[in-house]
Enquirer: 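Below you'll find the structure I mean.
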Amino acid sequence: MYLGAILVFGQRGNPDAIALAAHGLRELMEKLARHLNVPMAQTSGVTAKVFEMSAKYRAIQEAHPDRKEDLRIDFHECAEALAVWFPENHTPRSRWGAEVFDRLDPRGLKLP
């Protein structure tokens with residue numbers, strides 16, 4: 001994958017060379033992370049949580065004025081739960097990319 005990314009990047013006549021090389025390197029980083037057993041929290045379920053919040057927001061808009069405040073509180077609680085859940089269930093690419101580089105360094109030094 002690395003060699004393929006380098007070769008395609010060097011194709012001066014290829015108008016998509018940069019995008020193709022970047023794609024190859026992203027794939028390489030993903031595969032290396034798995035091969036090196038880098039822990040990565042995957043954020044499955046985000047879509048369902050966003051749809052839930054969207055439904056709660058629409059309910060506020062469509063509700064009778066007497067019910068709006070209770071629905072706003074419910075929406076706010078749902079937003080707080082998502083704000084707590086997401087960081088615990090997601091590893092930013094920068095963090096796992098740094099971990100891949102750290103594990104590839106034979107000196108065992110951490111990158112800044």
Enquirer: Rounded to the nearest 0.5 Å, how far does CE of Met1 lie from CZ of Arg26?
Expert: 13.0 Å
Enquirer: When rounded to the nearest 0.5 angstrom, what is the spacing between CD in Glu80 and SG in Cys78?
Expert: 10.0 Å
Enquirer: So which atom in Lys68 and which in Ala63 form the shortest heavy-atom distance, rounded to 0.1 Å?
Expert: CE-O, 3.2 Å
Enquirer: With a 4.5 Å limit on heavy-atom distance, are the side chains of Phe101 and Leu32 in contact?
Expert: no
Enquirer: When rounded to the nearest 0.5 angstrom, what is the spacing between OH in Tyr2 and CG in Leu7?
Expert: 10.5 Å
Enquirer: Are the charged groups of Glu52 and Lys49 less than 4.0 angstrom apart, N to O?
Expert: no
Enquirer: Enter the distance from Leu71:CG to Arg58:CZ here, rounded to the nearest 0.5 Å.
Expert: 13.0 Å
Enquirer: In plain terms, say whether Arg103 and Glu99 are close enough for a salt bridge, that is, a side-chain N and a carboxylate O under 4.0 Å apart.
Expert: yes
Enquirer: Side chains of Phe9 and Leu20: does their closest heavy-atom pair fall under 4.5 Å?
Expert: no
Enquirer: For atom CD1 of Ile18, is the number of surrounding heavy atoms from other residues, nucleotides or ligands below 6.0 Å larger than 12?
Expert: no
Enquirer: Restricting to non-hydrogen atoms, name the atom on Ala17 and the atom on Val8 that form the minimum distance, rounded to 0.1 Å.
Expert: CB-O, 3.2 Å
Enquirer: Roughly how far, to the nearest 0.5 Å, is OH of Tyr57 from CZ of Arg72?
Expert: 9.0 Å
Enquirer: Decide, yes or no, whether a salt bridge links Lys31 with Glu27 under the criterion of side-chain N to carboxylate O below 4.0 Å.
Expert: yes
Enquirer: Can you tell me how far CE of Met53 sits from NE2 of His76, rounded to the nearest 0.5 angstrom?
Expert: 10.0 Å
Enquirer: Testing the basics here: between Ala5 and Ala21, what is the closest heavy-atom pair and its distance to 0.1 Å?
Expert: O-CB, 3.5 Å
Enquirer: Side-chain heavy atoms under 4.5 angstrom apart, residues restricted to Ile, Leu, Val, Met, Phe, Trp, Tyr: same cluster for Leu104 and Leu28?
Expert: yes
